[in-house]
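Data block below; observations after.
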Amino acid sequence: MILLVNTGFLVYNIFMEKIKSTHEQKLIICVVVITAFITTFTGSALNLSIPDIGDEFGVSAGTVGWLVTGYTLAVAAFSVPFGRLADITCRKTVLVTGIAVFVACCIAAVFSVSSAMLIAVRVIQGIGAAMIFSTNTAVLINAFPGARRGQVLGYSLAATYVGLSAGPVAGGFLNHNLGWRSIFILTGVLGAAALAAAAFKLPAQRSDDGGKGRSMDASGNILYILFIVLLMYGLSEIAKGTLPVIMTAAGIVFGIAFVRHELKVSDPAVKIRLFRENIGYAFSNLSALMNYGATFAISYLISIYLQIIMGFTSQTAGLIMICQPVIMAVLTPAAGKASDRFSPFRMSSLGMAFCAVGTFVFIFVNENTSLAVIIAALAVTGLGFSLFSSPNTNAVMSCVQKEDYGVASSVLATMRSIGHTLSMVIVTIVVTRFMPAAALSEAQPEVLVKVINFSFIIFTVICAAGVFISLKRGFGGGRECSSDGGNKGSCGSSSNAQQEDKHTLEKPSK
(Lines give C-alpha, C1' and ligand atoms only; values in the text may rest on other atoms or scores of the structure.)
Protein backbone atom coordinates (compact mmCIF):
# COMPACT_ATOMS: atom_id res chain seq x y z
CA MET A 1 0.00 0.00 0.00
CA ILE A 2 2.79 2.43 0.93
CA LEU A 3 4.66 1.48 -2.24
CA LEU A 4 1.57 2.19 -4.35
CA VAL A 5 0.99 5.58 -2.76
CA ASN A 6 4.64 6.57 -3.17
CA THR A 7 4.55 5.50 -6.81
CA GLY A 8 1.44 7.59 -7.37
CA PHE A 9 3.09 10.67 -5.88
CA LEU A 10 6.22 10.04 -7.92
CA VAL A 11 4.27 9.85 -11.15
CA TYR A 12 2.33 12.97 -10.20
CA ASN A 13 5.52 14.93 -9.43
CA ILE A 14 7.15 13.86 -12.68
CA PHE A 15 4.04 14.91 -14.56
CA MET A 16 3.90 18.31 -12.94
CA GLU A 17 7.57 18.96 -13.60
CA LYS A 18 7.91 17.72 -17.15
CA ILE A 19 4.66 18.73 -18.79
CA LYS A 20 4.89 22.45 -19.46
CA SER A 21 1.23 23.45 -19.54
CA THR A 22 -1.04 26.30 -18.66
CA HIS A 23 -2.70 26.32 -15.25
CA GLU A 24 -6.00 25.40 -16.93
CA GLN A 25 -4.46 22.41 -18.70
CA LYS A 26 -2.89 21.16 -15.47
CA LEU A 27 -6.27 21.32 -13.75
CA ILE A 28 -7.84 19.35 -16.59
CA ILE A 29 -5.21 16.63 -16.28
CA CYS A 30 -5.68 16.47 -12.49
CA VAL A 31 -9.46 16.13 -12.83
CA VAL A 32 -9.15 13.46 -15.52
CA VAL A 33 -6.52 11.46 -13.60
CA ILE A 34 -8.55 11.50 -10.37
CA THR A 35 -11.82 10.54 -12.06
CA ALA A 36 -10.13 7.82 -14.13
CA PHE A 37 -8.72 6.34 -10.92
CA ILE A 38 -11.80 6.45 -8.67
CA THR A 39 -14.27 5.10 -11.26
CA THR A 40 -12.19 1.95 -11.81
CA PHE A 41 -10.79 1.61 -8.30
CA THR A 42 -14.19 1.51 -6.58
CA GLY A 43 -15.40 -1.46 -8.60
CA SER A 44 -12.25 -3.56 -8.28
CA ALA A 45 -11.69 -2.65 -4.60
CA LEU A 46 -15.14 -3.88 -3.54
CA ASN A 47 -14.50 -7.43 -4.79
CA LEU A 48 -12.72 -8.42 -1.58
CA SER A 49 -15.44 -6.81 0.56
CA ILE A 50 -18.32 -8.91 -0.78
CA PRO A 51 -18.17 -11.58 2.01
CA ASP A 52 -18.17 -8.93 4.77
CA ILE A 53 -21.00 -6.96 3.17
CA GLY A 54 -23.01 -10.18 2.81
CA ASP A 55 -22.46 -11.02 6.47
CA GLU A 56 -23.47 -7.53 7.64
CA PHE A 57 -26.74 -7.49 5.69
CA GLY A 58 -27.45 -11.22 5.93
CA VAL A 59 -27.59 -11.94 2.19
CA SER A 60 -25.80 -14.35 -0.12
CA ALA A 61 -22.59 -13.59 -1.97
CA GLY A 62 -24.55 -13.85 -5.22
CA THR A 63 -26.86 -11.03 -4.14
CA VAL A 64 -23.98 -8.84 -3.00
CA GLY A 65 -22.24 -9.58 -6.29
CA TRP A 66 -24.72 -7.20 -7.88
CA LEU A 67 -22.69 -4.39 -6.30
CA VAL A 68 -20.14 -5.07 -9.03
CA THR A 69 -22.46 -6.37 -11.76
CA GLY A 70 -24.97 -3.52 -11.47
CA TYR A 71 -22.21 -0.91 -11.60
CA THR A 72 -20.51 -2.51 -14.61
CA LEU A 73 -23.76 -2.86 -16.57
CA ALA A 74 -24.73 0.75 -15.89
CA VAL A 75 -21.33 2.03 -17.03
CA ALA A 76 -21.38 -0.01 -20.23
CA ALA A 77 -25.01 0.73 -21.10
CA PHE A 78 -25.03 4.49 -20.54
CA SER A 79 -21.54 5.56 -21.68
CA VAL A 80 -22.47 5.97 -25.35
CA PRO A 81 -25.79 7.83 -24.71
CA PHE A 82 -24.05 10.27 -22.38
CA GLY A 83 -21.14 10.60 -24.81
CA ARG A 84 -23.65 11.62 -27.47
CA LEU A 85 -25.31 14.08 -25.08
CA ALA A 86 -21.93 15.60 -24.22
CA ASP A 87 -20.99 15.99 -27.89
CA ILE A 88 -24.13 17.94 -28.76
CA THR A 89 -24.41 20.00 -25.56
CA CYS A 90 -21.50 20.74 -23.19
CA ARG A 91 -18.90 18.21 -22.07
CA LYS A 92 -18.10 20.09 -18.88
CA THR A 93 -21.76 19.98 -17.79
CA VAL A 94 -21.99 16.22 -18.31
CA LEU A 95 -18.62 15.63 -16.61
CA VAL A 96 -19.44 17.77 -13.56
CA THR A 97 -22.88 16.14 -13.24
CA GLY A 98 -21.29 12.70 -13.43
CA ILE A 99 -18.74 13.50 -10.72
CA ALA A 100 -21.48 14.97 -8.51
CA VAL A 101 -23.62 11.83 -8.90
CA PHE A 102 -20.60 9.63 -8.16
CA VAL A 103 -19.68 11.54 -4.99
CA ALA A 104 -23.30 11.65 -3.79
CA CYS A 105 -23.50 7.88 -4.20
CA CYS A 106 -20.30 7.46 -2.16
CA ILE A 107 -21.99 9.33 0.68
CA ALA A 108 -25.20 7.31 0.30
CA ALA A 109 -23.23 4.04 0.30
CA VAL A 110 -21.56 4.92 3.60
CA PHE A 111 -25.00 5.34 5.22
CA SER A 112 -26.70 2.38 3.50
CA VAL A 113 -28.86 0.32 5.84
CA SER A 114 -29.69 -2.62 3.56
CA SER A 115 -28.26 -4.56 0.67
CA ALA A 116 -31.08 -3.38 -1.61
CA MET A 117 -30.24 0.26 -0.88
CA LEU A 118 -26.53 -0.32 -1.43
CA ILE A 119 -27.11 -2.10 -4.75
CA ALA A 120 -29.43 0.69 -5.95
CA VAL A 121 -26.80 3.25 -4.99
CA ARG A 122 -24.16 1.34 -6.95
CA VAL A 123 -26.32 1.23 -10.08
CA ILE A 124 -26.87 4.99 -9.90
CA GLN A 125 -23.16 5.44 -9.24
CA GLY A 126 -22.51 3.45 -12.42
CA ILE A 127 -24.64 5.94 -14.33
CA GLY A 128 -22.54 8.76 -12.87
CA ALA A 129 -19.39 6.88 -13.86
CA ALA A 130 -20.77 6.52 -17.41
CA MET A 131 -21.01 10.33 -17.59
CA ILE A 132 -17.38 10.54 -16.49
CA PHE A 133 -16.11 7.85 -18.88
CA SER A 134 -17.90 9.49 -21.81
CA THR A 135 -16.33 12.90 -21.21
CA ASN A 136 -13.00 12.80 -19.36
CA THR A 137 -10.95 11.58 -22.34
CA ALA A 138 -12.79 13.94 -24.70
CA VAL A 139 -12.18 16.89 -22.37
CA LEU A 140 -8.51 15.96 -22.08
CA ILE A 141 -7.62 15.67 -25.76
CA ASN A 142 -9.70 18.72 -26.66
CA ALA A 143 -7.44 20.78 -24.37
CA PHE A 144 -4.16 19.54 -25.88
CA PRO A 145 -2.81 19.60 -29.43
CA GLY A 146 -2.28 16.40 -31.37
CA ALA A 147 1.49 16.61 -30.84
CA ARG A 148 0.94 16.02 -27.09
CA ARG A 149 -2.23 13.94 -27.18
CA GLY A 150 -0.56 10.60 -26.51
CA GLN A 151 1.46 12.04 -23.64
CA VAL A 152 -1.54 13.29 -21.66
CA LEU A 153 -3.58 10.20 -22.53
CA GLY A 154 -0.80 8.20 -20.92
CA TYR A 155 -1.46 9.76 -17.52
CA SER A 156 -5.20 9.17 -17.76
CA LEU A 157 -4.76 5.53 -18.77
CA ALA A 158 -2.09 4.96 -16.13
CA ALA A 159 -4.62 6.10 -13.52
CA THR A 160 -7.25 3.78 -15.04
CA TYR A 161 -4.97 0.75 -14.93
CA VAL A 162 -3.76 1.53 -11.42
CA GLY A 163 -7.38 1.77 -10.30
CA LEU A 164 -8.20 -1.59 -11.86
CA SER A 165 -5.07 -3.43 -10.77
CA ALA A 166 -4.47 -1.89 -7.35
CA GLY A 167 -8.13 -1.98 -6.32
CA PRO A 168 -8.01 -5.51 -4.88
CA VAL A 169 -4.78 -4.75 -2.98
CA ALA A 170 -5.80 -1.40 -1.50
CA GLY A 171 -9.42 -2.50 -1.14
CA GLY A 172 -8.41 -5.56 0.84
CA PHE A 173 -6.25 -3.42 3.12
CA LEU A 174 -9.02 -0.87 3.71
CA ASN A 175 -11.69 -3.51 4.22
CA HIS A 176 -9.56 -5.50 6.68
CA ASN A 177 -8.46 -2.54 8.78
CA LEU A 178 -11.26 0.05 8.45
CA GLY A 179 -14.29 -1.77 7.01
CA TRP A 180 -15.83 -1.72 3.55
CA ARG A 181 -17.33 1.77 4.01
CA SER A 182 -13.80 3.21 4.05
CA ILE A 183 -13.52 2.42 0.34
CA PHE A 184 -16.42 4.75 -0.39
CA ILE A 185 -15.04 7.39 1.98
CA LEU A 186 -11.68 7.42 0.18
CA THR A 187 -13.19 7.62 -3.31
CA GLY A 188 -15.73 10.18 -2.12
CA VAL A 189 -13.00 12.50 -0.80
CA LEU A 190 -11.00 12.21 -4.01
CA GLY A 191 -14.16 12.71 -6.07
CA ALA A 192 -15.10 15.82 -4.08
CA ALA A 193 -11.69 17.35 -4.86
CA ALA A 194 -12.15 16.61 -8.57
CA LEU A 195 -15.70 18.00 -8.45
CA ALA A 196 -14.56 21.31 -6.96
CA ALA A 197 -11.82 21.70 -9.58
CA ALA A 198 -14.10 20.71 -12.47
CA ALA A 199 -17.06 22.87 -11.43
CA PHE A 200 -15.18 26.08 -10.70
CA LYS A 201 -12.05 25.94 -12.83
CA LEU A 202 -12.67 23.94 -16.01
CA PRO A 203 -13.76 25.83 -19.15
CA ALA A 204 -16.96 24.86 -20.92
CA GLN A 205 -16.37 22.66 -23.97
CA ARG A 206 -18.99 22.78 -26.70
CA SER A 207 -18.87 21.57 -30.27
CA ASP A 208 -17.98 24.14 -32.91
CA ASP A 209 -21.55 24.17 -34.24
CA GLY A 210 -23.11 24.22 -30.77
CA GLY A 211 -24.85 20.92 -31.50
CA LYS A 212 -27.19 22.56 -34.01
CA GLY A 213 -28.89 20.09 -36.31
CA ARG A 214 -27.79 17.13 -34.19
CA SER A 215 -30.15 14.93 -32.20
CA MET A 216 -29.78 12.35 -29.44
CA ASP A 217 -31.07 9.55 -31.71
CA ALA A 218 -33.35 8.24 -28.96
CA SER A 219 -34.27 5.03 -30.81
CA GLY A 220 -30.64 4.20 -31.44
CA ASN A 221 -29.68 4.78 -27.80
CA ILE A 222 -32.54 2.60 -26.52
CA LEU A 223 -31.50 -0.22 -28.85
CA TYR A 224 -27.90 0.21 -27.71
CA ILE A 225 -28.79 0.02 -24.00
CA LEU A 226 -30.88 -3.14 -24.53
CA PHE A 227 -28.07 -4.66 -26.62
CA ILE A 228 -25.36 -4.03 -24.02
CA VAL A 229 -27.38 -4.94 -20.89
CA LEU A 230 -28.75 -8.22 -22.29
CA LEU A 231 -25.47 -9.25 -23.90
CA MET A 232 -23.21 -8.49 -20.94
CA TYR A 233 -25.52 -9.88 -18.28
CA GLY A 234 -26.25 -12.97 -20.35
CA LEU A 235 -22.55 -13.62 -20.91
CA SER A 236 -21.65 -13.06 -17.26
CA GLU A 237 -24.25 -15.66 -16.17
CA ILE A 238 -23.88 -17.97 -19.18
CA ALA A 239 -22.96 -21.03 -17.08
CA LYS A 240 -26.02 -20.80 -14.84
CA GLY A 241 -28.77 -22.12 -17.07
CA THR A 242 -30.93 -21.50 -20.10
CA LEU A 243 -32.17 -17.99 -19.32
CA PRO A 244 -28.72 -16.33 -19.63
CA VAL A 245 -28.27 -18.03 -23.01
CA ILE A 246 -31.61 -16.61 -24.15
CA MET A 247 -30.63 -13.16 -22.86
CA THR A 248 -27.31 -13.35 -24.71
CA ALA A 249 -29.11 -14.29 -27.94
CA ALA A 250 -31.60 -11.46 -27.42
CA GLY A 251 -28.71 -9.05 -26.86
CA ILE A 252 -27.16 -10.10 -30.17
CA VAL A 253 -30.51 -9.54 -31.92
CA PHE A 254 -30.81 -6.04 -30.44
CA GLY A 255 -27.19 -5.41 -31.44
CA ILE A 256 -27.99 -6.27 -35.06
CA ALA A 257 -31.08 -4.05 -34.90
CA PHE A 258 -28.95 -1.24 -33.48
CA VAL A 259 -26.41 -1.50 -36.31
CA ARG A 260 -29.15 -1.54 -38.97
CA HIS A 261 -30.83 1.47 -37.41
CA GLU A 262 -27.60 3.47 -37.17
CA LEU A 263 -26.82 2.80 -40.83
CA LYS A 264 -30.19 4.20 -41.88
CA VAL A 265 -30.45 7.43 -39.89
CA SER A 266 -28.79 10.63 -41.09
CA ASP A 267 -27.44 11.64 -37.66
CA PRO A 268 -26.64 8.39 -35.78
CA ALA A 269 -25.54 8.16 -32.16
CA VAL A 270 -22.60 5.99 -33.28
CA LYS A 271 -21.17 6.35 -36.76
CA ILE A 272 -21.22 2.67 -37.69
CA ARG A 273 -20.07 3.53 -41.21
CA LEU A 274 -16.76 4.64 -39.76
CA PHE A 275 -16.09 1.06 -38.62
CA ARG A 276 -16.68 -0.15 -42.16
CA GLU A 277 -14.93 2.64 -44.06
CA ASN A 278 -11.94 3.24 -41.78
CA ILE A 279 -9.88 0.16 -41.00
CA GLY A 280 -7.70 2.08 -38.55
CA TYR A 281 -10.65 3.08 -36.37
CA ALA A 282 -12.33 -0.33 -36.56
CA PHE A 283 -9.25 -2.40 -35.82
CA SER A 284 -8.10 -0.08 -33.03
CA ASN A 285 -11.39 -0.65 -31.21
CA LEU A 286 -11.24 -4.38 -31.93
CA SER A 287 -7.68 -4.49 -30.62
CA ALA A 288 -8.83 -2.82 -27.39
CA LEU A 289 -11.60 -5.41 -26.98
CA MET A 290 -9.17 -8.28 -27.51
CA ASN A 291 -6.54 -6.81 -25.19
CA TYR A 292 -8.97 -6.37 -22.29
CA GLY A 293 -10.55 -9.76 -23.00
CA ALA A 294 -7.19 -11.52 -22.86
CA THR A 295 -5.69 -9.77 -19.84
CA PHE A 296 -8.39 -8.73 -17.38
CA ALA A 297 -8.55 -12.13 -15.64
CA ILE A 298 -4.78 -12.26 -15.04
CA SER A 299 -4.98 -10.66 -11.60
CA TYR A 300 -7.93 -12.87 -10.63
CA LEU A 301 -6.27 -16.15 -11.60
CA ILE A 302 -2.78 -15.31 -10.36
CA SER A 303 -4.02 -14.02 -7.00
CA ILE A 304 -5.76 -17.35 -6.40
CA TYR A 305 -2.68 -19.21 -7.62
CA LEU A 306 -0.43 -17.34 -5.19
CA GLN A 307 -2.73 -18.09 -2.27
CA ILE A 308 -3.75 -21.69 -2.96
CA ILE A 309 -0.76 -23.11 -4.80
CA MET A 310 2.07 -21.09 -3.28
CA GLY A 311 0.49 -20.62 0.15
CA PHE A 312 0.81 -16.84 0.50
CA THR A 313 -1.69 -14.77 2.48
CA SER A 314 -3.99 -12.45 0.56
CA GLN A 315 -1.98 -9.44 1.73
CA THR A 316 1.34 -10.94 0.62
CA ALA A 317 -0.17 -12.02 -2.69
CA GLY A 318 -1.36 -8.45 -3.24
CA LEU A 319 2.10 -7.06 -2.55
CA ILE A 320 3.63 -9.51 -5.04
CA MET A 321 1.14 -8.56 -7.73
CA ILE A 322 1.64 -4.83 -7.19
CA CYS A 323 4.63 -4.91 -9.54
CA GLN A 324 2.26 -4.93 -12.50
CA PRO A 325 0.30 -1.71 -11.71
CA VAL A 326 3.52 0.05 -10.65
CA ILE A 327 5.06 -0.66 -14.06
CA MET A 328 1.89 0.52 -15.78
CA ALA A 329 1.75 3.72 -13.74
CA VAL A 330 5.37 4.58 -14.48
CA LEU A 331 5.64 3.56 -18.15
CA THR A 332 2.19 4.32 -19.61
CA PRO A 333 2.75 8.11 -19.74
CA ALA A 334 6.13 7.57 -21.42
CA ALA A 335 4.54 5.23 -23.97
CA GLY A 336 1.84 7.80 -24.65
CA LYS A 337 4.46 10.49 -25.23
CA ALA A 338 6.35 8.18 -27.58
CA SER A 339 3.16 7.55 -29.57
CA ASP A 340 3.15 11.25 -30.46
CA ARG A 341 6.46 10.73 -32.28
CA PHE A 342 6.22 7.18 -33.59
CA SER A 343 3.48 5.07 -35.17
CA PRO A 344 0.81 4.23 -32.56
CA PHE A 345 0.00 1.18 -34.70
CA ARG A 346 3.39 -0.41 -34.21
CA MET A 347 3.64 0.63 -30.57
CA SER A 348 0.28 -0.89 -29.62
CA SER A 349 1.12 -4.00 -31.66
CA LEU A 350 4.35 -4.32 -29.69
CA GLY A 351 2.35 -3.95 -26.47
CA MET A 352 0.02 -6.77 -27.50
CA ALA A 353 3.07 -8.89 -28.29
CA PHE A 354 4.45 -8.38 -24.78
CA CYS A 355 1.04 -9.29 -23.33
CA ALA A 356 1.13 -12.47 -25.44
CA VAL A 357 4.57 -13.32 -24.06
CA GLY A 358 3.38 -12.81 -20.48
CA THR A 359 0.25 -14.93 -20.90
CA PHE A 360 2.33 -17.59 -22.69
CA VAL A 361 4.59 -17.91 -19.64
CA PHE A 362 1.55 -18.45 -17.40
CA ILE A 363 0.56 -21.48 -19.51
CA PHE A 364 3.40 -23.42 -17.90
CA VAL A 365 2.98 -22.52 -14.23
CA ASN A 366 2.61 -25.40 -11.79
CA GLU A 367 3.17 -26.23 -8.12
CA ASN A 368 6.94 -25.89 -8.53
CA THR A 369 7.14 -22.66 -10.51
CA SER A 370 9.54 -20.11 -9.06
CA LEU A 371 8.10 -16.89 -7.66
CA ALA A 372 10.63 -15.02 -9.79
CA VAL A 373 9.00 -16.44 -12.93
CA ILE A 374 5.56 -15.23 -11.79
CA ILE A 375 6.88 -11.74 -11.03
CA ALA A 376 8.71 -11.60 -14.36
CA ALA A 377 5.56 -12.60 -16.27
CA LEU A 378 3.53 -9.98 -14.39
CA ALA A 379 6.19 -7.39 -15.23
CA VAL A 380 6.11 -8.33 -18.92
CA THR A 381 2.31 -8.03 -19.09
CA GLY A 382 2.54 -4.72 -17.23
CA LEU A 383 4.98 -3.50 -19.89
CA GLY A 384 2.58 -4.77 -22.56
CA PHE A 385 -0.31 -2.83 -21.01
CA SER A 386 1.84 0.30 -20.97
CA LEU A 387 2.87 0.06 -24.61
CA PHE A 388 -0.61 -0.80 -25.83
CA SER A 389 -3.10 1.39 -24.00
CA SER A 390 -2.24 5.02 -24.65
CA PRO A 391 -0.93 4.53 -28.24
CA ASN A 392 -4.08 2.60 -29.14
CA THR A 393 -6.34 5.23 -27.56
CA ASN A 394 -4.35 7.94 -29.33
CA ALA A 395 -4.96 6.15 -32.63
CA VAL A 396 -8.71 5.81 -32.01
CA MET A 397 -9.27 9.41 -31.00
CA SER A 398 -7.24 10.66 -33.96
CA CYS A 399 -9.66 8.95 -36.32
CA VAL A 400 -12.71 11.05 -35.41
CA GLN A 401 -13.66 14.69 -35.63
CA LYS A 402 -13.64 16.84 -32.50
CA GLU A 403 -17.43 16.89 -32.27
CA ASP A 404 -17.43 13.08 -31.91
CA TYR A 405 -14.80 12.80 -29.17
CA GLY A 406 -17.42 11.96 -26.54
CA VAL A 407 -18.94 9.04 -28.42
CA ALA A 408 -15.51 7.75 -29.50
CA SER A 409 -14.24 7.68 -25.92
CA SER A 410 -17.53 6.06 -24.85
CA VAL A 411 -17.16 3.31 -27.43
CA LEU A 412 -13.65 2.62 -26.11
CA ALA A 413 -15.02 2.47 -22.55
CA THR A 414 -17.63 -0.01 -23.76
CA MET A 415 -14.95 -2.12 -25.41
CA ARG A 416 -13.17 -2.23 -22.04
CA SER A 417 -16.34 -3.30 -20.21
CA ILE A 418 -17.21 -5.99 -22.73
CA GLY A 419 -13.60 -7.19 -22.74
CA HIS A 420 -13.62 -7.51 -18.94
CA THR A 421 -16.84 -9.51 -19.12
CA LEU A 422 -15.53 -11.81 -21.87
CA SER A 423 -12.32 -12.43 -19.92
CA MET A 424 -14.26 -13.63 -16.88
CA VAL A 425 -16.66 -15.61 -19.08
CA ILE A 426 -13.68 -17.55 -20.45
CA VAL A 427 -12.52 -18.32 -16.91
CA THR A 428 -16.04 -19.37 -15.91
CA ILE A 429 -16.34 -21.74 -18.86
CA VAL A 430 -12.93 -23.29 -18.17
CA VAL A 431 -13.75 -23.70 -14.46
CA THR A 432 -17.06 -25.36 -15.35
CA ARG A 433 -15.22 -27.73 -17.66
CA PHE A 434 -12.65 -28.88 -15.06
CA MET A 435 -14.53 -28.49 -11.76
CA PRO A 436 -18.28 -28.03 -12.29
CA ALA A 437 -19.30 -28.48 -8.66
CA ALA A 438 -16.72 -26.47 -6.72
CA ALA A 439 -15.63 -22.90 -6.25
CA LEU A 440 -12.29 -21.93 -7.76
CA SER A 441 -10.95 -20.87 -4.37
CA GLU A 442 -11.68 -24.38 -3.04
CA ALA A 443 -10.04 -26.30 -5.87
CA GLN A 444 -7.38 -28.94 -5.44
CA PRO A 445 -3.94 -27.62 -6.50
CA GLU A 446 -3.60 -29.93 -9.50
CA VAL A 447 -7.07 -29.00 -10.78
CA LEU A 448 -6.42 -25.31 -10.26
CA VAL A 449 -3.19 -25.60 -12.27
CA LYS A 450 -5.14 -27.14 -15.16
CA VAL A 451 -7.68 -24.32 -15.03
CA ILE A 452 -4.94 -21.69 -15.09
CA ASN A 453 -2.95 -23.40 -17.85
CA PHE A 454 -5.96 -23.87 -20.13
CA SER A 455 -7.27 -20.34 -19.51
CA PHE A 456 -3.93 -18.83 -20.46
CA ILE A 457 -3.75 -20.93 -23.60
CA ILE A 458 -6.95 -19.19 -24.71
CA PHE A 459 -5.69 -15.77 -23.61
CA THR A 460 -2.41 -16.26 -25.48
CA VAL A 461 -4.27 -17.15 -28.67
CA ILE A 462 -6.40 -14.01 -28.30
CA CYS A 463 -3.29 -11.86 -27.74
CA ALA A 464 -1.55 -13.39 -30.75
CA ALA A 465 -4.61 -12.68 -32.89
CA GLY A 466 -4.67 -9.18 -31.44
CA VAL A 467 -1.10 -8.59 -32.60
CA PHE A 468 -2.14 -9.49 -36.14
CA ILE A 469 -5.24 -7.27 -35.98
CA SER A 470 -3.21 -4.40 -34.55
CA LEU A 471 -0.57 -4.66 -37.30
CA LYS A 472 -3.27 -4.93 -39.96
CA ARG A 473 -4.18 -1.29 -39.31
CA GLY A 474 -0.79 -0.15 -40.54
CA PHE A 475 -0.35 -2.56 -43.43
CA GLY A 476 -3.94 -2.98 -44.61
CA GLY A 477 -4.84 0.50 -45.73
CA GLY A 478 -5.45 1.99 -42.31
CA ARG A 479 -2.44 4.28 -42.18
CA GLU A 480 -4.67 7.34 -42.43
CA CYS A 481 -7.95 7.75 -40.60
CA SER A 482 -10.68 9.81 -42.13
CA SER A 483 -13.78 11.01 -40.42
CA ASP A 484 -17.14 11.20 -42.08
CA GLY A 485 -16.43 14.81 -42.68
CA GLY A 486 -13.38 13.93 -44.70
CA ASN A 487 -10.74 15.28 -42.35
CA LYS A 488 -7.58 13.29 -42.07
CA GLY A 489 -6.69 11.81 -38.73
CA SER A 490 -3.39 10.59 -37.43
CA CYS A 491 -3.61 6.85 -37.04
CA GLY A 492 -0.17 5.72 -37.97
CA SER A 493 1.32 9.14 -38.58
CA SER A 494 2.26 11.50 -35.81
CA SER A 495 2.84 14.34 -38.25
CA ASN A 496 -0.80 14.16 -39.32
CA ALA A 497 -1.82 14.42 -35.69
CA GLN A 498 0.24 17.54 -35.24
CA GLN A 499 -1.25 19.17 -38.32
CA GLU A 500 -4.79 18.12 -37.44
CA ASP A 501 -4.74 19.88 -34.09
CA LYS A 502 -2.31 22.68 -34.84
CA HIS A 503 -5.17 25.12 -34.51
CA THR A 504 -5.64 24.02 -30.90
CA LEU A 505 -2.47 25.89 -30.00
CA GLU A 506 -3.67 28.99 -31.79
CA LYS A 507 -7.31 28.91 -30.78
CA PRO A 508 -7.99 27.74 -27.21
CA SER A 509 -11.23 25.92 -26.47
CA LYS A 510 -14.03 28.14 -25.36
Side-chain angles (χ1 to χ4, degrees), residues 4-42 86 90-104 106 128-129 131-145 148-164 166-167 170 185-205 325-326 328-337 340 389-390 393-394 397 405-406 409 413 504 508-510:
L4 180 61
V5 173
N6 288 338
T7 303
F9 277 114
L10 176 61
V11 172
Y12 176 79
N13 288 332
I14 292 174
F15 138 69
M16 291 301 287
E17 290 174 4
K18 295 203 173 178
I19 293 189
K20 304 302 182 183
S21 308
T22 66
H23 179 66
E24 181 180 286
Q25 288 175 323
K26 289 179 180 180
L27 280 174
I28 289 173
I29 297 178
C30 288
V31 170
V32 170
V33 165
I34 292 173
T35 54
F37 174 78
I38 62 175
T39 47
T40 52
F41 171 82
T42 308
C90 176
R91 294 190 183 112
K92 175 185 175 179
T93 300
V94 176
L95 176 60
V96 170
T97 303
I99 300 173
V101 170
F102 191 93
V103 172
C106 286
M131 297 183 192
I132 296 172
F133 279 127
S134 63
T135 51
N136 59 358
T137 298
V139 166
L140 183 64
I141 65 174
N142 194 66
F144 286 86
R148 298 172 63 191
R149 175 183 292 157
Q151 183 182 18
V152 295
L153 281 172
Y155 288 98
S156 172
L157 289 164
T160 297
Y161 279 135
V162 170
L164 285 170
I185 293 173
L186 173 62
T187 52
V189 170
L190 292 174
L195 177 61
F200 298 110
K201 299 295 183 179
L202 260 60
Q205 288 190 3
V326 166
M328 292 188 291
V330 173
L331 297 184
T332 299
K337 184 176 182 179
D340 291 326
S389 55
S390 46
T393 302
N394 194 2
M397 301 305 292
Y405 281 169
S409 61
T504 308
S509 301
K510 295 181 180 180

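Not measured: the values here are computed from a predicted model.
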Taking all non-hydrogen atoms of both residues, which atom of Val101 and which atom of Gly128 are closest, and how far apart?
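Taking Val101 first and Gly128 second, the nearest heavy atoms are CG1-CA, 3.8 Å.
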Between Gly163 and Thr40, which heavy-atom pair has the shortest distance, and what is it?
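Residues Gly163 and Thr40, closest heavy atoms: CA-OG1, 3.5 Å.
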Distance check, rounded to the nearest 0.5 Å: [X] atom [atom1] versus [Y] atom [atom2]?
X: Thr393; Y: Leu140; atom1: OG1; atom2: CG; answer: 11.0 Å
X: Leu153; Y: Ser389; atom1: CG; atom2: OG; answer: 9.5 Å
X: Leu186; Y: Phe41; atom1: CG; atom2: CZ; answer: 5.5 Å

Under 3.5 Å, which donor-acceptor pairs link side chains of residues 28-38 to any protein atom two or more places apart or in another chain?
residue	atom	partner	partner atom	Å
Thr35	OG1	Val31	O	2.8
Thr35	OG1	Val32	O	3.0

Under the side chain to side chain contact (heavy atoms under 4.5 Å, CB included) rule, collect the residues that match up with Thr39, sequence neighbours excluded.
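Tyr71, Phe102, Ala129, Ile132, Phe133.
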Who are the side chain to side chain contact (heavy atoms under 4.5 Å, CB included) partners of Val96, not counting sequence neighbours?
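Result, side chain to side chain contact (heavy atoms under 4.5 Å, CB included) vs Val96: Lys92, Leu195, Ala198, Ala199.
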Thr97: which of Val94, Ile99, Thr93 passes side chain to side chain contact (heavy atoms under 4.5 Å, CB included)
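Passing option: Thr93.
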